[in-house]
Amino acid sequence: MLPDFQFYDTIIVTGSGGKDSLACLLYLFELGISKEKIEIWHHLIDGREGSCLMDWRCTEAYTRAIAEAFDVPIYYSWLEGGFEREMLRENTTKAPTWFETPDGLCRAGGTSPKLGTRLKFPQQGASLTVRWCSAYLKIDVCAIAINNQSRFSGRRTLVISGERAEESANRASYAEFEPDRTHANTRHVDRWRPVLHWRTEQVWNLIRRYRVSPHPAYRLGFGRVSCQFCIFGSDHQWATLWLIDPERVERLIAYEEQFGLTIHRSMSIRERIQRGTPYPLLNLLDIAAALDDRFIEPAIVPKGKWRLPAGANGETCGSP
Ligand code: SF4
């Protein structure tokens with residue numbers, strides 16, 4: 001069932017740089033929704049304070065290129081200091097959240113005196129209590145950015161996200177349409193997951209039809225794209241990442257050793273690298289594109305040149 005788009009003043013497509021959120025955006029175009037209502041929101045996992053621990057370097061530039069290609073505004077938001085600061089909390093308060101708006105950069109939160117200590121990676125699990133990266137760096141950031149913008153007060157907003165049932169039993173249990181967690185007496189906010197019941201082929205077919213360049217990580221063979229060093233990464237992914245980006249893998253290994261606790265509870269990153277086999281067909285241009293903080297390719301691939309990336313048939317490990 002489609003929402004009544006006339007009902008909403010603003011439609012926010014939350015994006016990760018991956019194929020599913022891209023398909024959500026393209027689906028709105030298919031449905032003929034006015035671009036004037038649409039905005040893309042992207043949460044920067046590493047923040048903008050200098051940390052560069054977890055995410056693909058190209059993701060911010062890639063998402064901006066997609067937004068520009070379709071002439072849709074994009075707003076970035078993040079927890080100050082990103083993943084690394086949150087992970088290294090030791091008797092410190094939660095950082096403030098920063099979010100771009102049509103009127104400029106805003107800041108909210110970070111005022112609670114409550115002290116907390118993590119000094120460990122998020123745990124692999126469906127519960128957001130232990131998988132704190134999803135909660136603190138994405139879900140809460142989005143909610144804080146909505147709750148603290150008066151432009152949503154007294155208005156109707158539709159938030160769109162790209163979870164798909166095929167990806168996990170947890171996602172299969174999500175509602176396709178429901179009130180968003182930011183819905184309140186003072187503002188109407190709904191959540192729609194338009195691709196929840198889509199198959200992977202449908203997603204790629206839509207991207208092919210619009211000839212959108214997939215995130216470079218798909219060309220390297222990654223089947224799902226969000227954080228480069230996702231805590232749910234497989235042995236083969238760790239072996240691939242070790243091959244293409246060893247310095248950053250070493251930093252994660254150093255944190256495992258410092259914490260005395262590995263990301264995977266029974267195997268260290270070093271052990272996982274040894275167990276895995278790097279993805280085949282890696283080429284230097286694709287590696288360079290994924291690890292570049294610029295995105296210098298056309299966001300829309302010239303006619304006849306679009307190719308299904310290796311990752312379209314790749315492993316599907318990732319956030320549950
Ligand atoms: S992609 Fe992986 S590491 Fe990144 S926030 Fe989601 S679960 Fe955490």
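Atom set for the values below is all heavy atoms of this structure, side chains included, hydrogens, waters and symmetry mates excluded. Atoms within a ligand are numbered from 1 in the order they appear, just like the ligands themselves.
- Remark: Glu60 engages Arg48 in a salt bridge, criterion side-chain N to carboxylate O under 4.0 Å.
- Heavy-atom minimum distance, Pro302 versus Arg211: C-NH1, 3.7 Å.
- In summary, no N, O or S atom of Cys230 is located under 2.8 Å from atom 8 (Fe) of ligand 1.
- Looking at Ser226 against ligand 1, only its side chain comes within 4.0 Å, counting heavy atoms.
- Between atom 3 (S) of ligand 1 and the options Ile231, Asp55, Val225, the minimum heavy-atom separation is to Ile231.
- One side chain, Trp98 or Glu80, offers a donor N or O that lies under 3.5 Å from an acceptor on the other.
- Within the 2.8 Å limit, Cys227 places at least one N, O or S atom next to atom 4 (Fe) of ligand 1.
- Cluster partners of Met1 are absent, since no Ile, Leu, Val, Met, Phe, Trp or Tyr has side-chain heavy atoms less than 4.5 Å from it.
- Taking the six-membered ring where tryptophan is involved, the planes of Tyr76 and His42 are perpendicular, since the angle between them exceeds 60° and thus also 30°.
- Residue contact check: Lys138 has heavy atoms under 4.0 Å from atoms 1 (S), 5 (S), 6 (Fe) of ligand 1.
- Contacts of Phe232 with ligand 1, taken as heavy-atom pairs under 4.0 Å, involve the side chain alone.
- Not a single heavy atom of Pro122 sits under 4.0 Å from any atom of ligand 1.
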Scan the side chains in residues 193-200 for donor-acceptor partners under 3.5 Å anywhere in the protein, sequence neighbours excluded, and list what turns up.
{"residue": "Arg193", "atom": "NE", "partner": "Glu163", "partner atom": "OE1", "Å": "3.1"}
{"residue": "Arg193", "atom": "NH1", "partner": "Ala175", "partner atom": "O", "Å": "2.7"}
{"residue": "Arg193", "atom": "NH1", "partner": "Glu178", "partner atom": "OE2", "Å": "2.9"}
{"residue": "Arg193", "atom": "NH2", "partner": "Glu178", "partner atom": "OE2", "Å": "3.3"}
{"residue": "Trp198", "atom": "NE1", "partner": "Pro194", "partner atom": "O", "Å": "3.3"}
{"residue": "Arg199", "atom": "NH1", "partner": "Glu166", "partner atom": "OE2", "Å": "3.3"}
{"residue": "Arg199", "atom": "NH2", "partner": "Glu166", "partner atom": "OE2", "Å": "3.4"}
{"residue": "Thr200", "atom": "OG1", "partner": "Arg164", "partner atom": "NH2", "Å": "3.4"}
{"residue": "Thr200", "atom": "OG1", "partner": "Glu166", "partner atom": "OE1", "Å": "2.6"}

